[in-house]
Asks: 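Can you read through this structure? Questions will come right after.
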Amino acid sequence: MRILCTTIFLLSIACSSPKRQERVENYPEGDSGTAEREKVYPAGESKRHEVEKRAVNIDAVVLHDSTLVDISSLSKDFVIDMRYATVDNFLGEKVYDCAQCWVRYEVAKSLLRVSASLKRRGLRLTLYDCYRPLKVQRKMWAIMPRPGYVANPYTSGSIHNRGAAVDVSLTDREGNALKMGTDFDHFGKEARHSYQDLPPKMLQNRKLLKATMESFGFKAIRSEWWHYIYGEKYKYTIADHSLCTE
């Protein structure tokens, strides 16, 4: 079935050299974070990128991996629960202009594979956060300047700022969120993958999510059961664009 991607922003972004990462938030499990730091461009001073709006048929057109796409335009199987577009988040305020999940095209393709795998189990992938503008990262850092939970926007930034990280969970076919032991953005040891003092069903849910995400190229981090990085951490440059189409 051919699916129409109604709105796509093509960002011609050159891949930059890996630079030093200081934050645990962006370290996949087993990664010591030894890459060099990448320069972060302040809002309004970032390199100019060509941006195009176009309607494409993803079955017929091969997009560049760096293209930012709205995941909902590719599939309606995801549960979109963008917490930062509401006040239901650790900031206590709405910081996104709209509840749209944008990711790099290669990330989107893998998310579609994750979704298809979960669908066979009667489950859907819930998306809490995707691409995050740098200006929002600064606001989050001002409230919670804790390495390991919020990436420093003035050093290496977050992989969310690059469109290659997602915060996810699981929902059943009736629309009920599977219990994971903590809520999204719980800043505590209970959110770690290594934490075992939970009911067996919750541990099973975490393991299922992790195994499925990792099967399609995503990497977990130690401190957050919901946070996954796709591919190389520094493959894409930091962006600070609003991509809302509403």
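Residues: numbered from 1 along the sequence shown. Quick note: numbers below take in every heavy atom, side chains included, and nothing from hydrogens, waters or symmetry partners.
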Asks: Kindly say whether Leu111 contributes a backbone atom to a donor-acceptor pair with the side chain of Ser115 at under 3.5 angstrom?
Replies: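 Checked: no pair found.
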
Asks: Closest heavy-atom contact between Val107 and Gly163?
Replies: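 That closest heavy-atom pairing would be CG2-O, 3.9 Å.
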
Asks: Please tell me whether Val87 and Val95 are part of a single hydrophobic cluster in this structure, the criterion being side-chain heavy atoms less than 4.5 Å apart.
Replies: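 No.
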
Asks: Using the side chain to side chain contact (heavy atoms under 4.5 Å, CB included) criterion, which residues pair with Arg120? Sequence neighbours excluded.
Replies: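 Only Ala116, Ser117 meet the side chain to side chain contact (heavy atoms under 4.5 Å, CB included) criterion with Arg120.
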
Asks: Return the set of residues passing side-chain hydrogen bond (donor to acceptor under 3.5 Å, both in side chains) with Tyr128 (not counting sequence neighbours), or none when no residue passes.
Replies: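 Tyr128: no side-chain hydrogen bond (donor to acceptor under 3.5 Å, both in side chains) contacts found.
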
Asks: Determine which pairs satisfy ring pair (Phe, Tyr, Trp, His ring centres under 6.0 Å) with at least one residue from residues 198-217, sequence neighbours left out, and list them in order.
Replies: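 Ring pair (Phe, Tyr, Trp, His ring centres under 6.0 Å) check on residues 198-217 returns no pairs.
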
Asks: Using the rule given for side chain to side chain contact (heavy atoms under 4.5 Å, CB included), can you reason through Arg162 versus Lys233, listing the C-alpha separation, both sets of side-chain angles and the distance that settles it, and then say yes or no?
Replies: CA-CA 9 Å; Arg162 304 165 193 271; Lys233 299 192 299 294; over 6 Å; no

Asks: What residue pairs, at least two apart or across chains, pass salt bridge (charged side-chain N to carboxylate O under 4.0 Å, His left out) with a residue in residues 176-197?
Replies: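 The answer is Arg83-Asp183.
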
Asks: Any side-chain heavy atom of Asp240 sitting closer than 4.5 Å to one from Ile238?
Replies: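 No, side chains not in contact.
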
Asks: What residues form a side-chain hydrogen bond (donor to acceptor under 3.5 Å, both in side chains) with Tyr131, not counting sequence neighbours?
Replies: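 Result, side-chain hydrogen bond (donor to acceptor under 3.5 Å, both in side chains) vs Tyr131: none returned.
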
Asks: Looking only at non-hydrogen atoms, find the nearest pair between Ala191 and His186 and report the distance.
Replies: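 In this case the closest contact between Ala191 and His186 is CB-O, 3.5 Å.
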
Asks: Pick one: which of Arg124, Lys119, Arg173 meets salt bridge (Lys or Arg N to Asp or Glu O under 4.0 Å) with Asp77?
Replies: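 Of all the options given, the one that passes is Lys119.
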
Asks: Where do Ile221 and His193 come nearest, in terms of heavy atoms and distance?
Replies: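 It is O-CD2, 2.9 Å.
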
Asks: So do Glu93 and Ile143 actually touch side chain to side chain, heavy atoms under 4.5 Å?
Replies: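 Side chain of Ile143 against side chain of Glu93, heavy atoms only: contact under 4.5 Å found.
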
Asks: Under 4.5 Å between any side-chain heavy atoms of Asp88 and Asp81, yes or no?
Replies: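 No - every pair of side-chain heavy atoms lies 4.5 Å or more apart.
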
Asks: Sequence neighbours left out, what passes ring pair (Phe, Tyr, Trp, His ring centres under 6.0 Å) with Phe78? Give chain and number order.
Replies: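 Phe78 satisfies ring pair (Phe, Tyr, Trp, His ring centres under 6.0 Å) with no residue once adjacent residues are dropped.
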
Asks: Under the side-chain hydrogen bond (donor to acceptor under 3.5 Å, both in side chains) rule, collect the residues that match up with Thr212, sequence neighbours excluded.
Replies: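 side-chain hydrogen bond (donor to acceptor under 3.5 Å, both in side chains) list for Thr212, sorted by chain: empty.
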
Asks: Report the residues that fulfil side chain to side chain contact (heavy atoms under 4.5 Å, CB included) with Ser72, sequence neighbours left out, ordered by chain and then residue number.
Replies: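 Partners of Ser72 by the side chain to side chain contact (heavy atoms under 4.5 Å, CB included) criterion, ordered by chain and then number, come out as Asp70, Lys76, Ile80.
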
Asks: Looking at residues at least two apart in the chain, or sitting in another chain, which of them share a side chain to side chain contact (heavy atoms under 4.5 Å, CB included) with Ala108?
Replies: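 Ala108 satisfies side chain to side chain contact (heavy atoms under 4.5 Å, CB included) with Val69, Ile71, Leu74, Val103 only.
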
Asks: If you compare all heavy atoms of Trp141 against all heavy atoms of Ala151, which two are closest, and at what distance to 0.1 Å?
Replies: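 Looks like CE3-O, 3.8 Å.
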
Asks: Assess the residue pair His241 and Leu68 against the criterion (side chain to side chain contact (heavy atoms under 4.5 Å, CB included)); give the C-alpha distance rounded to whole Å, side-chain angles, the decisive distance to 0.1 Å, and a yes or no.
Replies: CA-CA 11 Å; His241 307 285; Leu68 278 165; 5.7 Å; no

Asks: Side chains of His227 and Val168: closer than 4.5 Å at any heavy-atom pair?
Replies: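 When only atoms from C-beta onward are counted, Val168 and His227 do not touch, as no gap falls below 4.5 Å.
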
Asks: Between the side chains of Tyr236 and Glu106, is a donor N or O closer than 3.5 angstrom to an acceptor N or O?
Replies: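 The answer is yes; a qualifying pair exists.
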
Asks: Could you pull out the closest heavy-atom pair between Cys98 and Ala85, with the gap in Å?
Replies: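 Taking Cys98 first and Ala85 second, the nearest heavy atoms are O-CB, 3.6 Å.
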
Asks: Any side-chain heavy atom of Trp102 sitting closer than 4.5 Å to one from Cys244?
Replies: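 When only atoms from C-beta onward are counted, Cys244 and Trp102 do not touch, as no gap falls below 4.5 Å.
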
Asks: Do Lys219 and Met213 have side chains that get closer than 4.5 Å, going by heavy atoms?
Replies: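 No; the side chains remain at least 4.5 Å from each other.
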
Asks: Dump the intermediate steps for side chain to side chain contact (heavy atoms under 4.5 Å, CB included) on Val114 and Tyr228, then the final yes or no.
Replies: CA-CA 12 Å; Val114 169; Tyr228 288 88; over 6 Å; no

Asks: Could you check whether any side-chain heavy atom of Lys94 comes within less than 4.5 Å of a side-chain heavy atom of Thr86, counting everything from C-beta outward?
Replies: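 No; the side chains remain at least 4.5 Å from each other.
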
Asks: Is a side-chain donor or acceptor of His160 paired with a backbone partner of Cys130 at a separation under 3.5 angstrom?
Replies: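 The answer is yes, because a donor-acceptor pair under 3.5 Å joins these two groups.
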
Asks: Looking only at non-hydrogen atoms, find the nearest pair between Ser169 and Leu209 and report the distance.
Replies: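 Heavy-atom minimum between the residues: CA-CD2, 4.1 Å.
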
Asks: Under a 4.5 Å side-chain heavy-atom rule over Ile, Leu, Val, Met, Phe, Trp and Tyr, are Val79 and Leu208 clustered together?
Replies: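 No, Val79 does not connect to Leu208 through the hydrophobic network.
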
Asks: Quick one, Leu118 and Leu170 - any side-chain contact, counting heavy atoms below 4.5 Å?
Replies: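 Side-chain contact under 4.5 Å: yes.
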
Asks: Suppose we screen for side-chain hydrogen bond (donor to acceptor under 3.5 Å, both in side chains). Which residues come up paired with Asn176, at least two apart in sequence or across chains?
Replies: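 Only Asp172 meet the side-chain hydrogen bond (donor to acceptor under 3.5 Å, both in side chains) criterion with Asn176.
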
Asks: Please go through Leu198's hydrophobic cluster and name the other residues, only I, L, V, M, F, W, Y counting, with side-chain heavy atoms under 4.5 Å joining them.
Replies: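 Members alongside Leu198: Tyr195, Met202, Leu203.
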
Asks: State which residues pass side chain to side chain contact (heavy atoms under 4.5 Å, CB included) with Ser110; sequence neighbours excluded, sorted by chain then number.
Replies: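 With sequence neighbours excluded, Ser110 shows a side chain to side chain contact (heavy atoms under 4.5 Å, CB included) to Arg113, Phe218, Tyr230, given in chain and number order.
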
